[in-house]
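Note sheet for the following structure.
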Amino acid sequence: MRIETDLKLGFKDVLIRPKRSTLGSRAQVSLERSFTFRHTGRTWSGIPIMAANMDTVGSFAMAMVLARHGLLTAVHKHYSPNDWDAFALQLRVAGQDAWLANVAVSTGILDSDLERLDHILERHPALTFICIDVANGYSEPFVERVSAIRARHRNKVIIAGNVVTGEMVEELLLAGADIVKVGIGPGSVCTTRVKTGVGYPQLSAIIECADAAHGLSGQIISDGGCTCPGDVAKAFGAGADFVMLGGMLAGHDEGGGEILEEDGQRWVEFYGMSSKTAMERYSGGVADYRASEGKTVRVPYRGPVEETIKDILGGLRSTCTYVGASRLKELTKRTTFVRVTEQHNPVFD
């Protein structure tokens, strides 16, 4: 046993210090970024915010709206190859085949998962991103699967995770990942930290993992912990290349969750993908040897996601104006975090 005594921080522990700026308007800020990926040399340009691969967030309907704004969606892994055929046809009919470049196909690491992945990519070669998603990215079998998928799909951009430390980011990049997903336990419907005692404050995880990834020409995604546009800005300021959102995009029409009504109030069910609800839906229940590590909640129904996207992007542009960053790429260089004991005045919360 050993204890690390250096300070580790989450989003709630800091604010971004304002700096002099020559920008006169939020409209002058460009949120688009361009990346070249380590293993393929492929490039991508857009706004690097991504919907999480949760089945009440990462839907085909969400992907269409986000792609229209230049954002990405990690589509959840429970769609069949036939579902993907229908989605691709819908895009083709709408003349939006190019939107497939803003969609990631999610997969687990079981043989059946990889067979499904192969079928989808064979039918739709325009798909660029693969998201290999497990709760614990530290296991040796996971690293081996990343290598195997890289060997099978050499021209695809591979996202792998989740991890929270620099040495594991480096191992996954060397094994074949282009982008590493960072976050253990910060999500709004994740209970890993209380069930296992394992985790890492998200802001510090981003700082450490981004440093490791960028040294190997890789990228990271900050996955989890964002509750408001300011947290998204802090993630980018800390060095994240992409930011993945779950709870902030939950409750909208495009997520596909069932709308419930009680006492005149409308709600949408939202749950973690390691929750009892998800495992009963997709795995026949919680296995005897494990506990669920997610919770099920009801969030207020929020209508179309369009206004939420505008709110997030508007907040991010405003952050950039406060620190003098004319482009999102400049934000981390212009960011100084100050430690705080309060974020805002809660009197009317």
Co-members of Trp44 in a cluster of I, L, V, M, F, W and Y side chains, linked at under 4.5 Å: Phe35, Phe37, Met50, Leu72, Phe129, Val157, Ile159, Ile179, Ile221, Phe242, Met244
Considering all heavy atoms, the nearest Pro186-Gln202 contact: CG-OE1, 3.5 Å
Is the shortest distance from a Lys or Arg side-chain nitrogen in Asp13 or Arg339 to a carboxylate oxygen in the other one below 4.0 Å? no
Asn82 and Arg123: side-chain donor and acceptor closer than 3.5 Å? yes
For a 4.5 angstrom cut-off between non-hydrogen side-chain atoms, does Lys19 reach Ser21? no
Around Tyr322, counting heavy atoms of other residues, nucleotides and ligands shown, do more than 12 lie under 6.0 Å from its OH? no
Donor + acceptor pair across side chains of Thr165, Tyr138 (<3.5 Å): yes
Within the 3.5 Å criterion, strictly below it, is a donor on Lys8 or Tyr200 matched to an acceptor on the partner's side chain? yes
Can Gln219 and His214 be counted as having a side-chain donor-acceptor contact under 3.5 angstrom? no
Is the count of non-hydrogen atoms from other residues, nucleotides or ligands lying under 6.0 Å from Arg26 atom CZ greater than 12? no
Donor on one side chain, acceptor on other, Asp83 and His78, under 3.5 Å: no
Taking 4.0 angstrom as the limit, do Asp223 and Lys181 come out as a salt bridge? yes
Any non-hydrogen side-chain atom of Asp211 less than 4.5 Å from a side-chain atom of Ile207? no
List, by chain and then residue number, the residues other than Val93 in its hydrophobic cluster (Ile/Leu/Val/Met/Phe/Trp/Tyr, side-chain heavy atoms under 4.5 Å); write none if there are no others. Leu89
No-hydrogen, no-angle side-chain donor-acceptor test under 3.5 Å, Ser204 and Glu208: no
Separation between CG of Leu328 and CD1 of Ile47, rounded to the nearest 0.5 Å: 8.5 Å
Please tell me whether Ser59 and His76 have a donor and an acceptor in their side chains that are separated by less than 3.5 angstrom. no
Distance-only side-chain donor-acceptor flag, Glu32 / Ser30, under 3.5 Å: no
Check each of Glu262, Gln265, Arg266 against Arg298 using the side chain to side chain contact (heavy atoms under 4.5 Å, CB included) test, and report the only one that passes. Glu262
Below 4.5 Å, heavy atoms only, C-beta onward: do Ile206 and Ile220 meet side chain to side chain? yes
